[in-house]
Amino acid sequence: MDYLESLNPPQREAVEHTDGPVMIIAGAGSGKTRVLTYRIAHLIYAKGVDAFNILSLTFTNKAASEMKHRIEALAGLEARNTWMGTFHSVFAKILRVESEKIGYPSNFTIYDTDDSKSLIRSIVKGMHLDDKVYKANTVLSRISGAKNRLISWQAYQDDPFVKADDEAAMKPKMGEIYQRYQERLFKAGAMDFDDLLFNTNILFRDHLDVLNKYQQRFKYIMVDEFQDTNVSQYLITKKLAAVHQNICVVGDDAQSIYAFRGADIQNILNFEKDYPDLFVVKLEQNYRSTKTIVEAANSIIDKNKAQLKKVVWTSNPDGDQIELIKASSDNEEGRIVATTIFEEKNNKKLSNNDFAILYRTNSQSRSIEEALRKMNLTYKIVGGLSFYQRKEIKDLMAYMRFTVNPADEEAFKRVINYPKRGVGDSSVEKMLVAAYEHDIPLWEVVTNAHSFLPGRAGNAVDDFATMIKAFQIDVERKDAFEAANNIAKQSGLLRELYEDKTIEGLNRYENVQELLNAIKEYVDNPENEDKSLGAFLQEIALLTDNDQDKDQTEAITLMTIHSSKGLEFKQVFVVGLEEDLFPSQMMMQSREDLEEERRLFYVATTRAMDKLYFTYALTRYRFGRLLNCEPSRFLEEVDPACIKVNKRMAATREMPGALRKEGLPGSSGFIGIKKKPETRVATTMKVHTPSPDFKPSNTNNLRAEQLVEHPKFGFGKVQKIETEGLNRKATIQFEHFGEKTLLLSFAKLRIID
DNA sequence: CACGTCCTCCTTTTT
DNA sequence: GGAGGACGTG
């Protein structure tokens, strides 16, 4: 097999050792994806395994599609039959076939986080509890944590330790909320993300025939990013592999960054106990990065206590030192990053694709975006507010969801009075209460509205029910596209958006059209056998926006560090290296938390192949205010030999060694109670206070020479207005902030005439 | 019941 | 600096 020749000895071992339990500890940049794809190819071609019998689980959609492409390129179309996907999507598919065995309809809805939170809010309200004590976020993460550890609501309520915990936190009703939450989900024929895994476990526990069917099918199982699996996921895989025992997990404990979602680093540390005859391979040679970058990364991760021993090394050249850039503000940070990219592109003949800008939180993208736009650099944002989270998209999807599954309470609440049809909050509340108290399906209440609602509202609900019934007939007879198209038109949603002639309204209209296009594509794709609307909805519920980056234009990539895992770029900027931002203040409860943040930093640095930049700003807009920032403690932890201070750096304050004020916790690992930095407004910047009567004007008739006021930048004069597709941009000369180019659909401007 | 305005809270990461 | 909820008015 000549393709094996291109592998180094441990890689080759990992590929060739196909039978029995295998754990591959793969350092960053050690060719992990390569090994996985080769392994699958090897199974199919050298061992004659039917691709149909291989299951390959990944963590993100992005990783799954990347693998799919690579395996197809390597092994041809045959490999396409391999079942490859995220845990959630693979088991959602299985549940769609089997869910009736555990009492759920096969067209069950998948609730996203917003749906879940909204349901929790409604439950807390219904129990007359204080929604400040039982915040949707807190409650949901508590419930989610329980489900990820396979603790049912019954077990939750029976567990004295959990109870003591909740009582200590002054939240004794948590167990009851959990129970009601599950009951309401069940009644709505809905599962949240965690249920997809939880219920798969239930299914496999209670229906051995079903388990056996899939055990027989999946003779070879591979789990990528194993360090990120939670207990629930691990148990599913373990059960599936119990017959053939051909389980291969690939991971790197140093890159475990999903503890907040229940990922348990112990899974990887304990794997050996579960499989005593485990074969372990370590991939330690890094092929991706320069020596400097590998050494810097090692120096970061060395500080962590909980880790498997391994030595990542490289034979690549030394490369440049890491550039440390200090900026005086987040905007300046953006500007420096943009100019640096511009220069590097010219000097080294690089393309936009070679650059990535990584940040800790999605909200940090804004200042960077502005700077890039100003320099005419094309960029794309991965993640963030995805297409499917926009209001207009969720509205249309809610119509489709309710049509397919008229028990879906959250979808119902979204559409019953949108567009307005005279059914107010109190009527909606009455119907929900009726369904709950009489223990009848919501749909029964909706179709018998007059028994529950007086006059006008009752009539309106009647009309609504008639409309939905017509949609249901469409869904049965027609494919997803025709049905959806009809729903968009008949519901009045499309008309409502069409009548909104503002730029935002146009955008929303376009977005809905785009969703319809996506459905058309889904229907036209011969790979999708089930062309019903229900199938499409299921597919889409687990999609973030990764599949949409079809526009393969050359662009600089902006994303959070979390979504950067598995990717590589020639030059990487890690921005916003400020204390409380990275490491995140929300995260810092324990040593483990600090270690996870450090692993995150490790992930960020190891994305870079040739050149790495660290940047931080001394002032930054956060929480809508201008804050003073301290440089991140992480900067001190990097081997100083790897760093060089950039000349562009603002001249205030001194550099490494003196990064930190005395008395703050340093690299000793000590975490004290965090002192909140004073949040005073920097005196060097003039911050505009808008006039008391400030109200953004409609900017449709804005023209050059006009005077305007902006809430942040103050007064300015319009230089020119450009139209680019649907976007209109205005270049404005501000008194104190210089020239800015603003996208008019977002800019809040007051026109002074 | 609809609409406008004010208030409050939340700002971590993903399926 | 955004979203969602509460509250008051028409």
Sugar-phosphate only, base, or nothing, as touched by A/Y258 at under 4.0 Å among non-hydrogen atoms: sugar-phosphate
Note: for A/F260 and A/G424 on DNA chain B, the residue whose nearest nucleotide lies more 5' is A/G424
Per atom distances to the A/T560 side chain, the nearest of C/dG4, B/dT14, B/dC1 is B/dT14
Charged N to carboxylate O below 4.0 Å: is that the case for A/R401 and A/D115?
yes
Counting just side-chain N and O atoms, does A/S427 come under 4.0 Å of either OP1 or OP2 of B/dC1? yes
Out of B/dT15, B/dT13, C/dG1, minimum distance to the side chain of A/T361 belongs to B/dT13
### Query
Any side-chain N or O of A/S563 less than 4.0 Å from the OP1 or OP2 oxygen of B/dT14?
yes
**OP:** Look at A/N362 and B/dT14 and indicate whether a side-chain polar atom (N or O) is within less than 4.0 Å of OP1 or OP2.
**Re:** yes
Open item on the list: Tell me whether A/D114 is salt-bridged to A/K394, with the criterion being a basic N under 4.0 Å from an acidic carboxylate O.
Closed with: yes
Next on the checklist: When you measure from the side-chain N and O atoms of A/K420 to the phosphate of B/dC3, is any distance below 4.0 Å, counting only OP1 and OP2?
Outcome noted: yes
Under a 3.5 Å threshold, yes or no: a donor from one side chain and an acceptor from the other, between A/N230 and A/Y258? no
Practice problem: For A/N137, report the nucleic acid contact type (base, sugar-phosphate, nothing); a contact means any heavy atom under 4.0 Å. | Solution: sugar-phosphate
- Task: Please determine if A/E410 and A/K117 form a salt bridge, counting it only when a charged side-chain N lies under 4.0 Å from a carboxylate O.
- Result: no
Applying a 4.0 Å non-hydrogen cut-off, can you work out what A/A457 is touching in the nucleic acid: base, sugar-phosphate, or nothing? sugar-phosphate
Inset, instruction - Please determine if a side-chain N or O atom of A/N417 lies less than 4.0 Å away from the OP1 or OP2 oxygen of B/dC1. - result: no
Considering just the side-chain nitrogens and oxygens of A/K135, establish if one lies under 4.0 Å of OP1 or OP2 belonging to B/dC9. no
Pairing partner of C/dG10, by Watson-Crick or G-U wobble and under 3.5 Å for both distances, is B/dC1
